[in-house]
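Take a look at the structure set out below.
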Number of protein chains: 2
Amino acid sequence: MYIQDKKYTFGSYSYKMSDLPQYKKLQHLIKKQILSGVYKEGDLLPSENELSTIHELNRATVRQALSELVKDGYIYKHKGKGSIVSSRRQTLGLLSFKGFSEVVGQTTHAIKNKELKKPYLTKWDDQFFYELTDIEKAAGCICLERLRMVDEDPVMLEFTYIPNLNLPRFVSKPLINNSLFDTLLNNYQIEVINLEQDIRAIAADEEIAGLLQTEEESPILHIFRRYRTNRDGLFIYSSLYCNTEQYSIGSIFN
Amino acid sequence: MYIQDKKYTFGSYSYKMSDLPQYKKLQHLIKKQILSGVYKEGDLLPSENELSTIHELNRATVRQALSELVKDGYIYKHKGKGSIVSSRRQTLGLLSFKGFSEVVGQTTHAIKNKELKKPYLTKWDDQFFYELTDIEKAAGCICLERLRMVDEDPVMLEFTYIPNLNLPRFVSKPLINNSLFDTLLNNYQIEVINLEQDIRAIAADEEIAGLLQTEEESPILHIFRRYRTNRDGLFIYSSLYCNTEQYSIGSIFN
DNA sequence: GAGTGGTCTAGACCACCTG
DNA sequence: AGGTGGTCTAGACCACTCG
């Protein structure tokens, strides 16, 4: 009989981790080793064949783990040499679609989230950034207004807009872990699979300048995002205003 | 005897393409089919098993092709359903590390590149954005100043800095295809494998405002990039100033 | 229940790099 | 020459979606 996944029963990971696929477990393990200094910038990781042997995984599975680490900028590869630990400068956060806390949490800064208002139900703005379907328009929108602080400084203002489609009692229940993504996943089995964004530089108006504690007309990074979810036709929209005087926004591409 | 790659000899692709791996050929084929309307937004691609059969490739190879298309935002996947053609809005360009022309060329706009100066050799600025190694500092830097136009409007000002390390006669020869990447690849076998960038919003100074034909103090997107190459220790640096009044900068994450 | 993508194994050949 | 990552094959089991 064909047996796979036998490692689950012998795994040395926590209970939660045991649900994850092997390549993600390996990915997290190596990531932790890099962050904790086991492998330092410029070091060679064990070769793919060595990792296969050590962790009793097929090389393809090891490669899947490594390719995720490449995507996240932890390592890069040189054919004929090996996988090399990359330098990671401290920026405000990767311009990825991971939640703000997870991304910025990798730095040594103190992060805080402030809910400016309780989530509320409202109508869509007539001049919304993306074209909406009739279904979305008719549903109305759940609006979240949050301010992200780094070391007590407000650096990012985030407006999130969610079509009110089959999300019973969303506005009346608090967020889980203060995280929108965790809430959607736990309460509604909604997962984000994809992010598309547009970036502009704008001048701060009075409201934004006030909230970000900067001057009117000062240059602000404006990012508009559309998250695709595993629920067909359900998108989540976000409008971010970043004060980049102190912190820049970083990202990596391969 | 173990034979692979037999498709090369029967391939229906051009001579140049015949050097590419199978998954890239399939990737380009499907990309072309999407761009030419064979598959439209929301359409399902043939399943992975069907594509394997049609193109006489293993499913793993098909998956490699599809995952590249996901990365570039042409499709997304739904478990249990299939691969779905994604909508692609027209933005100035993906915030990826592909060359400006390739990325913007997917739109219907007229693109022009203007060389503001001939490439020249100079010293590094004392306040360079990234920390440089002593080797880089000692080598001096090759500087390129280019202006990118969309429909006759200047939208992006690009300063590129290359350490003058084993790049004989770079400044005395013209760029191939007007492209830095093509030139580095053809003349020096240098390939870019990775890009790291930081983004800020700044106020235009007199020089930048003049070149981008906008007003002083108007908000400008400033992107600083570090490209990693296949040559160990050789990085290419770029400083981009974008006027985002008309065009925003787009990107996709998975 | 049949089909889809997600994960995984065991193995192969290749181009590239280093000693 | 031996090791590395890059590409590729042939197969398997799984969770998910849809009719």
Side-chain angles (χ1 to χ4, degrees), chain A residues 1-9 11 17-27 43-53 55-70 75-85 189-191 193-194 229-233 254, chain B residues 1-9 11 17-27 43-53 55-70 75-85 189-191 193-194 229-233 254:
Chain A
M1 184 189 165
Y2 187 83
I3 297 177
Q4 83 171 30
D5 234 356
K6 63 174 188 287
K7 285 211 71 176
Y8 277 123
T9 45
M17 288 290 271
S18 66
D19 295 336
L20 292 177
Q22 304 279 14
Y23 81 90
K24 284 199 176 164
K25 289 197 261 184
L26 179 56
Q27 173 192 347
D43 284 359
L44 280 172
L45 290 188
S47 76
E48 296 178 352
N49 281 317
E50 285 171 345
L51 288 171
S52 314
T53 309
H55 300 282
E56 296 179 58
L57 294 169
N58 185 273
R59 189 173 151 223
T61 307
V62 171
R63 281 179 63 76
Q64 207 174 349
L66 294 183
S67 79
E68 295 284 314
L69 292 169
V70 168
I75 63 172
Y76 60 95
K77 294 178 168 195
H78 259 184
K79 195 198 291 191
K81 283 194 198 165
S83 302
I84 302 158
V85 176
Q189 288 76 51
I190 292 174
E191 249 181 311
I193 57 177
N194 181 284
T229 69
N230 59 348
R231 196 182 279 186
D232 224 21
N254 302 285
Chain B
M1 182 187 162
Y2 187 83
I3 297 178
Q4 82 170 32
D5 235 356
K6 62 172 187 289
K7 283 213 73 177
Y8 277 121
T9 46
M17 288 289 271
S18 68
D19 295 337
L20 292 177
Q22 305 280 14
Y23 81 90
K24 283 199 177 165
K25 289 198 261 185
L26 179 56
Q27 174 192 346
D43 285 358
L44 280 173
L45 290 188
S47 76
E48 295 178 353
N49 281 318
E50 283 170 345
L51 288 171
S52 312
T53 309
H55 300 281
E56 297 179 56
L57 293 169
N58 185 274
R59 190 175 150 221
T61 307
V62 171
R63 281 179 63 77
Q64 208 174 348
L66 293 183
S67 80
E68 294 285 312
L69 292 168
V70 168
I75 62 172
Y76 61 94
K77 295 177 167 195
H78 255 183
K79 194 196 294 191
K81 283 193 196 165
S83 301
I84 301 159
V85 176
Q189 288 76 52
I190 293 174
E191 251 181 310
I193 56 178
N194 182 282
T229 69
N230 59 348
R231 197 183 278 185
D232 223 21
N254 300 285

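Remark on DNA chain C: of its neighbouring residues Lys81(A) and Val62(A), the 5'-side contact belongs to Val62(A), judged by nearest-heavy-atom nucleotide. Taking the nucleotide of DNA chain C with the nearest heavy atom to each of Tyr23(A) and Leu66(B), the more 5' of the two is matched to Leu66(B). Between Asn49(A) and Arg59(B), it is Asn49(A) whose nearest contact on DNA chain D lies nearer the 5' terminus.
When atom types are taken as modelled, the side chain of Glu50(B) and the backbone of Ser47(B) share a donor-acceptor pair closer than 3.5 angstrom.
Among the nucleotides dG6(D), dT7(D), dT4(D), the one closest to the side chain of Pro21(B) is dT7(D). Of the candidate nucleotides dC8(D), dG5(D), dA10(C), dG5(D) has the atom nearest to the side chain of Lys79(A). The side chain of Leu57(A) sits closest to dT9(C) out of dG5(C), dG5(D), dT9(C). Nearest to the side chain of Ser47(A), among dT4(D), dA10(C), dA10(D), sits dT4(D). Checking dA12(D), dT9(C), dC8(D) against the side-chain heavy atoms of Ala60(A) singles out dT9(C) as nearest.
Rounded to a whole Å, the CG atom of Asn230(A) is 12 Å from the P atom of dC18(D). When the P atom of dG6(C) is taken as reference, atom NZ of Lys24(A) falls 11 Å away, rounded to whole Å. Going from atom NZ of Lys25(B) over to atom C1' of dC8(D) covers 13 Å, rounded to whole Å. Distance, Gln64(A) CD to dG6(D) C1': 16 Å, rounded to whole Å. One interatomic measurement links the two molecules: CD of Gln189(B) to P of dC16(C), which rounds to 11 Å at whole-angstrom precision. One atom, NE2 of His78(B), and another, P of dC16(D), lie 13 Å apart when rounded to the nearest Å. Atoms CD (Glu56(B)) and P (dT9(D)) sit 10 Å apart, rounded to a whole Å. Rounded to whole Å, the distance from CZ on Arg231(B) to C1' on dC17(C) is 15 Å.
For Gln22(A) and dT7(C), the shortest distance from a side-chain N or O to OP1 or OP2 is not below 4.0 Å. The phosphate of dG6(D) has OP1 or OP2 within less than 4.0 Å of a side-chain N or O from Arg63(A). Taking 4.0 angstrom as the limit, Thr61(B) places a side-chain polar atom (N or O) nearer than this to OP1 or OP2 of dT9(D). Side-chain N/O atoms of Ser83(B) include one lying less than 4.0 angstrom from OP1 or OP2 on dG5(C).
Taking every heavy atom of both residues into account, Leu69(B) and Gln27(B) meet most closely at CD2-O, 3.8 Å.
Taking 4.5 Å as the limit, some side-chain heavy atom of Lys77(B) sits within range of a side-chain heavy atom of Val70(B). The shortest distance between side-chain heavy atoms of Asn230(A) and Ile190(A) falls below 4.5 Å.
Rounded to the nearest 0.5 angstrom, Leu66(B) CG and Arg59(B) CZ are separated by 10.0 Å.
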